[in-house]
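All remarks here apply to the structure that follows.
As the structure is a prediction and not an experimental result, all values here were calculated from the model.
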Amino acid sequence: EVINGKSWTGDIKIKKTSREYYSSFLPIQELKTSETKIVVTIYPAVSEKLTQRSPKFFKLLQNTSDGILLLDAETGRVIETNETALKYLGYAYEEVLEKNFKQIDVELNGQTGLSWKKFLIELKQKSPEPVQTLSRYIQKDGSNIPVESSMIYEENDGDAYISILFKDVSSHDRIEEILDAQQKKFQLLIENLDDSILLLDEGANIIYASPAAHKNWGYRDNELQEQYLFDLVHPYDSSLVKKIFFEIINTRRKLFKTTFRILYKDGSDHWMEVKAKNLLREPSINAVLMIVQNVTQQTLAEEKIIQALETEKKLNEELAQREEKLKNTLDIIKQKEIELKKANQILEDAQTFAKMGSWYMEADSEALVWSKQTFIAFGMNPFSDRAPRNKKELRQLVHEEDRTKLLELYQKVLTGETETYETELRQYQKNDGTYRWFLTKAQSIKSEEGNIIGISGITLDIHERQLAEEKLRQ
């Protein structure tokens, strides 16, 4: 008000100074001349002067959302406070004036006078800068609250004061407790997953590996941290994985799926199905997320099935040729029938091991032929139940949300639009009336003239994997 040319009545102190004067209670007012800087500051006095000579300022202090304590620096006794501080601490005004700050601050409570002097020296050394602290203040009922405070050491006419502004941060603690509980719940979920979870930086260095990764891959706790991913990849797959990882870090949010071999600590290699997503710009994660599942047995079983299917196809072709050329050579036909039976037995054994069934559908008649494991995949008895006679009957054994998709894929293969397809769908279980998730792969079968004569495929039970992925997404 003085600077703005207005009059003001009250006690002021004018002093010359070579530095700025900081006050936690009042904004600084400055007057500059050519020779010196004059700082005009209203000093907080004890309660009587404060209330009588600066009523507006006193009212401001009472209404602030921060608690205020004014201490005598020499003794630590409270000589002034405001309504907010009384509310936080639970004292009446007269009661708090009888308190020493050592009776309020948990860290100073019960300490000797030497501790107070050390505390005072620290404040004095940092003056006029405020000292920010996190502490706990003792309330009247004996409980305590977490507070965030700002303390300043000040001198006035030879008297020293400590002014403290503080606020209750109990709500912050509660939020931290909730977040901590959520983090523990998520951590518990991760620790109990069979699949391995990896977090990598953009340089492909592992910054987190779940307990399953350490256990399954033969490493001790935290041994995978800071490992270079490509040091763990089979050399034959390394260039492919590097190419895919480069695409991942340059593509946000897209889910990548791939399969490659990982080297365990003992040197053995294992096939892994990997799902990865770029979360480098997610502040809470800031990493590439990888979910890794060991599919070695499934991959080997698939290879055996493919080999068996290829062998079966080759034998059928040879058999057809020899039947045409050597109709009268029954011995050769019988030998091939034996070989075919062996191949079919190998195929059936491999399918049982991998929970995978095979099937064939004629292009013209739509007649279906199922393997034993395919009946089991639909919850049916391979000895008493029969396979569907056409696509219409098969459609009833597929979840209604997946039927249109399946028929469209059949049509694309039969018309030659595509030679193969792969999809995930839910199949009806006759034995209990439920649906289970299956992966279905199929390819067209052509005659020597190139005409499509049928569709051959496999169906693989992936129900447990789908449930695990759903839990992880949740």
Side-chain angles (χ1 to χ4, degrees), residues 1-4 8 10-51 53-82 84-85 88 96-97 99-102 104-108 111 113-137 147-169:
E1 290 179 344
V2 174
I3 293 174
N4 293 335
W8 179 81
D11 291 342
I12 64 171
K13 177 180 177 64
I14 301 176
K15 73 171 183 178
K16 295 180 181 179
T17 177
S18 60
R19 59 176 174 78
E20 293 184 3
Y21 179 82
Y22 293 85
S23 170
S24 61
F25 290 130
L26 197 66
I28 299 169
Q29 305 288 339
E30 295 183 356
L31 293 173
K32 293 184 180 179
T33 68
S34 59
E35 297 181 356
T36 184
K37 181 203 295 183
I38 300 176
V39 179
V40 182
T41 304
I42 300 177
Y43 284 86
V46 293
S47 60
E48 184 177 353
K49 286 185 178 181
L50 189 61
T51 54
R53 300 186 179 183
S54 185
K56 291 183 179 179
F57 180 59
F58 183 76
K59 184 177 181 180
L60 174 65
L61 299 185
Q62 294 299 325
N63 293 329
T64 181
S65 61
D66 290 336
I68 298 175
L69 294 174
L70 185 64
L71 312 179
D72 179 82
E74 183 177 353
T75 64
R77 184 174 62 85
V78 178
I79 58 177
E80 187 54 80
T81 186
N82 70 342
T84 306
Y88 283 155
V96 82
L97 295 184
K99 294 293 179 181
N100 190 290
F101 187 61
K102 290 186 289 183
I104 296 174
D105 189 285
V106 168
E107 293 184 5
L108 294 174
Q111 298 294 320
L114 186 62
S115 298
W116 175 257
K117 290 181 180 179
K118 183 179 178 181
F119 170 75
L120 192 61
I121 291 172
E122 181 182 354
L123 287 180
K124 192 172 182 179
Q125 287 175 341
K126 294 188 177 182
S127 178
E129 296 288 346
V131 176
Q132 309 291 337
T133 65
L134 287 173
S135 184
R136 302 189 77 88
Y137 284 1
V147 297
E148 184 180 82
S149 61
S150 176
M151 304 181 181
I152 297 180
Y153 176 89
E154 301 175 301
E155 292 184 357
N156 178 22
D157 283 340
D159 295 326
Y161 303 95
I162 298 173
S163 55
I164 303 174
L165 272 76
F166 70 94
K167 58 183 177 182
D168 183 354
V169 292

Considering all heavy atoms of both residues, which atom of S127 and which atom of Y153 are nearest to each other, and what is their separation?
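Minimum heavy-atom contact is OG-O, 2.9 Å.
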
For the residue pair S65 and T84, what are the closest heavy atoms and their distance?
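Smallest heavy-atom distance, with atoms named: O-CG2, 3.3 Å.
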
Taking side-chain contact (heavy atoms from CB on, under 4.5 Å) as the definition, give me every residue that meets it alongside Q125, ordered by chain and number, with sequence neighbours left out.
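Checked Q125 against side-chain contact (heavy atoms from CB on, under 4.5 Å); matches are I121.
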
Whether Y137 and F101 hold their rings parallel, tilted or perpendicular, with breakpoints at 30° and 60°:
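The rings of Y137 and F101 stand perpendicular, inter-plane angle above 60°.
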
Quick one: [atom1] on [X] to [atom2] on [Y], what's the gap to the nearest 0.5 Å?
X	Y	atom1	atom2	result
M151	Q132	CE	CD	10.0 Å
L123	L71	CG	CG	9.5 Å
N82	D66	CG	CG	8.5 Å
L97	R77	CG	CZ	7.5 Å
E154	K124	CD	NZ	13.5 Å
L69	S149	CG	OG	9.5 Å

Would you say the side chain of I79 lies within less than 4.5 Å of the side chain of Y161, judging by non-hydrogen atoms?
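With C-beta onward as the side chain, the pair touches.
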
Main chain of [Y], side chain of [X]: is a donor-acceptor contact present, judged purely on distance under 3.5 Å?
X	Y	result
T133	S135	no
S150	P130	no
T81	I68	yes

